[in-house]
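Following: one structure in C-alpha cells, then a few remarks.
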Number of protein chains: 2
Amino acid sequence: MTRPTLKAIAKRVGVSVATVSRALSGRGRVDEATRERILRVAEELGYAPDMAARSLVLRRTENIGFLIHALQSLSPHTFYGEILTAVERELRRHRYHLHFATVEDETLPPLIKENRVDGLILVGCDLPPSLIHSLKERRIPLVLLDNHLPGIDSVFTDNIGGAFQATTHLIRLGHRRIAFIAETLDNLSFRERFEGYRQALEAHSLPFDPELVAEGERGFEGGFLAMSSLLKRTRPTAVVAANDPTAASAMRAIRAHGLRIPEDIAVVGFDDDPLAVHTDPPLTTMRVFRSKMAVLAVARLLDLIKNPEQPALHIRVETQLIIRQSCGSPLT
Amino acid sequence: MTRPTLKAIAKRVGVSVATVSRALSGRGRVDEATRERILRVAEELGYAPDMAARSLVLRRTENIGFLIHALQSLSPHTFYGEILTAVERELRRHRYHLHFATVEDETLPPLIKENRVDGLILVGCDLPPSLIHSLKERRIPLVLLDNHLPGIDSVFTDNIGGAFQATTHLIRLGHRRIAFIAETLDNLSFRERFEGYRQALEAHSLPFDPELVAEGERGFEGGFLAMSSLLKRTRPTAVVAANDPTAASAMRAIRAHGLRIPEDIAVVGFDDDPLAVHTDPPLTTMRVFRSKMAVLAVARLLDLIKNPEQPALHIRVETQLIIRQSCGSPLT
DNA sequence: ATAAGATGAGTAATCGTTTACACCAATTCC
DNA sequence: GGAATTGGTGTAAACGATTACTCATCTTAT
C-alpha cells in the first residue's frame with residue numbers, strides 16, 4: 001500500500017538493497033539474470049527513487065528554479081508565459097524539474113537556502129541586481145534570461161538591434177517625424193529599445209527631438225497615456241512602441257484623436273506578442289524568439305551545473321521584423 | 001564555505017544536534033539562554049534546514065505541483081498565467097513552493113512517483129480524465145482548478161451561468177439572431193458556455209438555430225475562421241464568443257466582411273482577458289475571477305493535505321458582466 | 001597446481017534532519 | 001528526608017538511497 005522502496009524490491013527478489021540500486025542505476029556489476037528479475041519487480045511495483053533520499057546523498061535535486069519578478073508577471077503575461085513553458089519543456093527533455101518562484105524585493109527566496117534547486121534561471125530585467133549578485137555569491141549556477149549583467153551568464157534579446165531595424169523600417173517608408181513611446185523607461189529592455197531608436201535616427205541623419213518621446217505608466221493603459229500626452233503637444237507620422245501591448249494601447253489613443261492607422265500615423269511594436277494579430281490593423285512588430293532563448297538558457301545552465309568554473313557567456317539573440325498592416329506603404 | 005548544517009551550529013555552541021533542532025523548531029524544551037545562543041549562531045551562519053534531509057524524515061516536501069496541459073499553455077496564456085502567479089503567491093504565503101509541470105499525454109509525470117510534491121493543482125479542462133483518475137488512485141491530495149469531475153475536489157468558473165448572463169444581455173438589447181462561436185467544442189468549458197447560451201435562448205423563448213453556431217480551430221485564428229464561415233451562410237445581429245481571444249479574432253472577420261461593431265453585429269466575449277480593453281471597440285465580456293479561484297484552490301488543497309479523508313467539495317465561482325463598447329446600445 | 005584477475009554480491013557508512021527514549025540534576029511534595 | 005515531578009540535554013535510531021570496501025567464488029595463465 002505504501003510507496004515501494006529499494007528494500008521492498010530487495011526482499012522480494014532476495015538480494016541486498018545495494019544490488020538493487022546497482023541494477024537500477026546501471027552502475028557497478030550485476031548478474032544479467034538477477035538484473036532482469038530486479039527490473040521486472042521494480043516495474044511491477046511501479047518503483048521510482050524517492051527524491052528526498054536521493055538528493056540527500058547525491059547533493060543534487062534535479063530541480064531548476066525559475067525566478068521572475070512578481071510585478072512582471074501581472075501584465076505582459078503572454079511574453080513570459082511562453083518563456084516559462086518553453087523552459088519547462090526543455091528542462092523536462094533533460095529530466096530536470098521546474099520550480100516556479102516570484103520575488104518582490106531583495107530578500108533571497110527560501111528555495112535557495114533550503115537547497116531545493118541545483119540552479120536558477122532569472123527571468124526579466126526587473127529583478128534587483130543586488131539580489132542577483134547575492135545569489136551569485138552563493139555560487140549557485142545561474143543564467144539570466146531576457147536580461148544581462150557583467151560577469152553573469154546571460155541569454156537576451158538584441159533590443160538595440162531590433163529597435164534600430166524597426167525604426168529604420170519606418171525611415172525607409174519615408175517617415176521623418178518618428179516618435180518613441182514606452183510604459184516606462186525604468187526598465188533595461190525598454191531603455192535599450194530607446195537606444196536602438198536613437199541610433200537609427202542618427203544613422204540616417206535625422207535629428208532627435210525629445211518632444212517625440214513619451215512615457216506612460218506600467219500596465220495596460222501605459223501606451224494610451226503616453227500616446228495621448230504626446231499627441232497633445234506634437235504630431236508625428238510614425239511611432240515606435242517599446243512593446244506590443246504599448247503599441248496596441250497607443251493605437252486606441254490614436255483613434256481616439258480621430259487619426260487613422262497607418263494613413264495618419266504608422267505604428268510599429270516589439271515582441272510579436274500573440275495580441276499583435278488581433279489589433280486593428282494587425283501590428284507590424286519585431287519578433288522575439290522566446291522559445292529559442294529558453295532552450296539556450298537551459299542548455300547553458302545545465303552546462304554550468306556540470307562544469308561550474310567557466311567564464312561568463314553572453315548570448316544575444318537577434319530579432320526579426322514581421323510586417324503586417326500597421327505601417328502601410330511608403331509615403332510619397 | 002560549505003552550507004551550514006545543524007552539526008556545525010551544534011559544534012559552535014557546544015551542544016548536541018538534537019538540542020539545536022529543538023531550539024530551532026520550537027518543539028521540546030530548551031534552556032532559554034542556550035536557545036538564544038543557538039538562534040544567534042544559526043542567524044550568523046545563515047542556516048536553513050536542508051530540504052532533502054527534512055523531507056526524508058518528515059515525509060513531506062512542502063512542494064505543490066501545478067499541472068497544466070502542454071497545449072493549453074501555448075495560446076490563452078494570459079488566462080493561465082494569471083492563475084499561475086496567483087497560485088504561487090498564495091502558496092508562498094503558506095510557506096509552500098510551486099513545482100510547475102506540463103503534461104502532454106496520459107503518462108504520470110515523474111514528479112509524482114518520485115515524491116517531489118505533497119499535492120497537486122490540476123489546471124484546465126484539457127487534462128485527460130484517465131490521468132486525473134490515476135493520480136487520484138495514488139491518493140495524492142489534489143484539486144481541479146477551472147475544471148470539474150465527479151468525486152474530485154474542484155474550484156471552477158460558473159460557465160453556464162456566465163454565458164447565460166452574456167446572452168441575456170444581448171437579448172435585453174433587443175437581439176434575436178444571436179450566434180455562438182468557439183475555437184472548438186472539444187473542451188468542457190466551451191461546451192458549458194454553449195449550454196449557457198442555449199439555456200438563455202430557451203428562457204427567453206427564442207428558437208435555437210444550429211446555423212448560428214460555428215467552430216473554428218484551436219489557436220489564434222480560431223475565432224476568425226469560425227466567424228468567417230458563419231457569415232458566409234447567415235447574418236446574425238450579435239455573437240457570443242466562447243472566450244476573448246476568439247471574440248477578438250472574430251471581430252477581425254466581421255470587419256473583413258465590411259460590417260461594423262456594434263452597429264451591424266454586437267460581440268460579447270468571455271474571460272475578461274487583458275486583451276479585451278485593446279480590441280476596437282473594447283470588448284464587453286464576462287469577468288472570470290482568476291486569482292480568487294487560485295486562492296480557493298490553494299486553501300482547499302492545503303486543507304486536504306492536513307486532513308485527507310473528506311468528501312469532495314465543488315466550488316463554483318460566478319462571473320461578472322463587464323460592459324464595454326462592443327455591444328452598443330439597445331436596438332430599436 | 002597455484003597465483004592473479006575477474007565477477008557478483010553483501011556490509012556498512014554516509015547524507016542532514018527529527019524525535020523517542022534515557023538520563024541526570026534540581027525542585028516540589030507529603 | 002525520600003519519593004515524585006519537572007527541566008534540560010544527550011544518544012541513537014530512523015527516513016531511503018548511493019557507494020566504497022570487503023569477501024567469496026570462479027576463471028584463466030603459467
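- If you check residues 43-57 of chain B against DNA chain D, the residues with a heavy atom closer than 4.0 Å are Leu56(B), Val57(B), listed by number.
- Salt bridge status for Glu88(A) with Arg92(A): present, with a side-chain N to carboxylate O gap under 4.0 Å.
- Salt bridge absent: Glu114(A) and Arg54(B) never bring a charged side-chain N and a carboxylate O closer than 4.0 Å.
- One finds a salt bridge joining Arg139(A) and Glu309(A) here, because a Lys/Arg side-chain nitrogen approaches an Asp/Glu carboxylate oxygen to under 4.0 Å.
- Between Asp303(B) and Arg300(B), at least one side-chain N (NZ, or NE/NH1/NH2) sits under 4.0 Å from a carboxylate O, which counts as a salt bridge.
- In this structure, Arg59(A) CZ and Asp118(A) CG are separated by 10.5 Å, a value rounded to the nearest 0.5 Å.
- Side-chain contact annotation: His97(A) with Arg116(B), donor-acceptor N/O pair under 3.5 Å present.
- When DNA chain D is scanned 5' to 3' for any atom under 4.0 Å from a heavy atom of chain B, the first and last hits are dG7(D) to dG16(D).
- Residue Thr5(B) is in sugar-phosphate contact alone, with no base atom involved, counting any heavy-atom pair closer than 4.0 Å across all strands shown.
- What separates CD of Glu114(A) from P of dG16(C) is a distance of 16 Å, to the nearest Å.
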Footprint string (nucleotides 5-11 of chain C, 5' to 3'): B base within contact, S backbone only, - free, heavy atoms under 4.0 Å: --SSBBB
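- Between Arg93(B) and Glu90(B) a salt bridge is recorded (basic side-chain N to carboxylate O distance below 4.0 Å).
- The shortest heavy-atom contact between Pro109(A) and Leu67(A) is CG-CD2, 4.0 Å.
- Checked against Leu98(B) for a side chain to side chain contact (heavy atoms under 4.5 Å, CB included), the options Val117(B), Ile64(B), Leu84(B), Val298(B) give a single hit: Leu84(B).
- Sparse packing is recorded around CD of Glu318(A), with 12 or fewer heavy atoms of other residues, nucleotides or ligands lying under 6.0 Å away.
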